[in-house]
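In this text, all values refer to a predicted model and were calculated from it rather than measured experimentally. We count ligands from 1, going down the list as the structure has it; atoms in each ligand are counted the same way.
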Amino acid sequence: MTLLELIEKKKLGKELTREELAFLARAAADHSAPDYQLAALLMAIRLNGMTDRETADLTLAMRDSGDIADLSAIPGVKVDKHSTGGVGDTATLVLAPLAAACGVTVAKMSGRGLGHTGGTLDKLESIPGMRVGLTEAEFVRQVQEIGVAVVGQTGRLAPADKTLYALRDVTSTVDSLPLIVSSILSKKLAAGTDAIVLDVKAGSGAIMHTLEDSLALAEALVRVGALAHKPVIALVTGMDQPLGTHVGNALEVKEAIDVLAGRAEGDLLTVSLRLGGYMMLLAGLVDRPEDGEARMRKALASGAGLRKLKEMIAAQGGDTRVCDDVSLLPQAPVIRTVSCRQAGFVRSMDTTALGLAAQAMGAGRLSLEDQLDYAVGFVLPVRIGDRVTPDTPFCELHARTEADADRAEATIRSAVRIGGAPCEPARNFYAVVTTEGTRRFEEKR
Ligand code: URA
Ligand code: CA
């Protein structure tokens with residue numbers, strides 16, 4: 001078998017066999033095929049698509065291209081949650097401790113920031129001393145002991161994805177449904193959990209550009225998850241504005257702590273509770289996600305969620321005092337508050353541009369070797385639909401230099417459109433997809 005034969009077949013729109021897809025995954029994992037042939041095949045897949053059967057076979061072959069974490073020593077149903085990527089989306093740091101406080105076994109492997117989106121590992125590392133590079137044995141022990149761990153990959157998981165993702169990034173083949181599905185699910189299946197809640201974003205900060213595409217991605221993830229015999233539920237949630245009001249690593253940790261301490265509410269909490277409710281459903285702890293949400297609200301009110309976050313930080317070597325005093329998190333030297341300067345209604349946001357503004361300040365990497373500046377970013381208290389006056393606080397910039405703050409302010413001002421006509425708040429929830437089908441949410445918020 002040669003990669004050239006596979007390219008020829010896919011170019012003509014034919015189906016690839018399981019053996020051929022396994023050959024592709026191996027070639028990507030061990031670099032035994034030249035990048036130009038892998039890239040040509042990726043483009044043929046992008047243009048001609050794949051069936052669910054092909055996508056599932058590719059997913060399993062990519063899963064099997066490296067290590068598979070063995071979490072069988074942890075009793076109970078291990079549930080993971082994964083987002084397709086957002087801005088100001090620190091739901092993991094809110095719901096992992098809350099779900100664990102309610103009895104869910106949360107064994108989660110997270111990622112780093114990518115492009116305009118933030119990554120949970122980077123956020124956690126803004127906590128002084130915090131370790132995310134646990135061995136598999138340490139990971140298993142921590143989950144056994146306290147019911148929650150959020151770490152980086154414990155082994156060489158799905159190396160085929162690493163090669164293919166890097167090539168997709170530079171060949172305009174990221175936006176392929178079967179390639180996204182196999183990329184996400186191969187890593188999640190290799191991470192060894194029993195069930196997965198997926199948060200598929202829709203809106204101006206999402207990887208997919210239309211709601212219909214986000215729904216199609218959610219449905220494909222659930223169908224292929226079923227073919228891989230893994231319970232998967234996907235929610236389609238709004239990313240027309242940052243989920244929380246804070247964007248930047250330490251700032252997002254601060255917001256998660258504020259939420260868990262009961263000092264802050266809003267869309268970040270609302271979406272975290274909904275996702276957590278489905279985690280509790282998959283864990284078999286409740287019959288209805290609403291019941292899971294209600295229990296998590298109790299854990300929030302009693303402080304059990306914040307205590308669980310503290311336990312997790314302590315177990316991973318971090319300074320737990322940040323939970324009682326958020327000013328111990330890294331602080332930027334320049335903090336500037338600016339007002340709206342105009343009257344009207346917040347009509348829309350270019351959320352990708354907002355994520356890129358934080359990245360340019362130093363909160364995200366422009367190249368792989370970049371060192372992150374954990375302290376920088378911004379707080380954007382205004383939400384779509386808000387009525388504002390010239391004096392309404394618009395944004396609090398946390399920057400390394402005055403010049404960085406100037407640049408970020410200009411970008412953020414042009415990314416947030418304020419107009420004369422009133423408009424509706426942005427939607428948090430669009431749909432939930434299970435093996436039973438797609439149910440659109442009625443409520444807007
Ligand atoms: N996230 C991934 O891990 N892979 C993709 O292809 C897209 C988003
Ligand atoms: Ca993420």
Side-chain angles (χ1 to χ4, degrees), residues 21 24-25 28-29 38-39 41-43 45-47 49-50 54-56 58-63 65-66 69 80-87 89 91-92 108-122 150-153 156-193 196-210 213-225 228 230 232 234-237 239 243 351-352 355-356 359 364-365 368:
L21 292 160
L24 161 61
L38 289 171
L41 183 51
L42 289 170
M43 183 57 83
I45 292 171
R46 163 64 181 83
L47 295 176
M50 293 210 293
E54 286 178 290
T55 308
L58 178 60
T59 302
L60 296 180
M62 286 166 68
R63 174 197 67 187
S65 68
D80 198 349
K81 166 258 165 192
H82 179 81
S83 144
T84 58
V87 178
D89 174 7
T92 293
K108 175 152 173 52
M109 291 189 201
S110 283
R112 303 220 172 252
L114 192 69
H116 70 283
T117 70
T120 301
L121 296 184
D122 297 328
V150 178
V151 303
Q153 295 190 350
R156 193 169 160 266
L157 304 191
D161 178 61
K162 205 166 183 181
T163 306
L164 295 179
Y165 196 89
L167 284 173
R168 286 166 59 207
D169 210 20
V170 292
T171 56
S172 191
T173 51
V174 168
D175 64 343
S176 153
L177 213 70
L179 293 178
I180 295 174
V181 169
S182 54
S183 169
I184 292 176
L185 284 185
S186 61
K187 283 175 289 198
K188 288 287 122 185
L189 296 177
T193 49
I196 307 162
V197 173
L198 292 169
D199 180 11
V200 177
K201 302 294 187 185
S204 63
I207 185 174
M208 305 309 267
H209 296 298
T210 67
D213 285 348
S214 297
L215 280 165
L217 174 58
E219 288 167 353
L221 285 161
V222 170
R223 285 197 311 272
V224 174
K230 196 64 87 170
V232 173
L235 277 90
V236 180
T237 70
M239 190 40 68
L243 181 56
T351 309
T352 297
L356 292 173
Q359 181 190 34
R365 291 176 194 78
L368 276 180

Under a 4.5 Å cut-off applied to non-hydrogen side-chain atoms, are Gln153 and Lys187 in contact?
yes
Quick one: does any side-chain atom of Arg63 pair with a main-chain N or O of Ser186 as donor and acceptor, under 3.5 Å?
no
Write out the protein residues near ligand 1, meaning a non-hydrogen atom under 4.0 Å from one of its atoms, in order of chain and number.
Tyr165, Arg168, Ile180, Ser183, Ile184, Lys187, Ile207
We want to know whether Asp199 and Thr237 form a side-chain donor-acceptor pair, criterion being a heavy-atom distance below 3.5 angstrom.
yes
Could you check if a side-chain atom of Leu198 sits within less than 4.5 angstrom of a side-chain atom of Leu235, using non-hydrogen atoms only?
no
Thr84 side-chain N/O to Lys201 backbone N/O, donor-acceptor pair under 3.5 Å:
yes
Is there a donor-acceptor pair under 3.5 Å between the side chain of His116 and the backbone N or O of Gly205?
yes
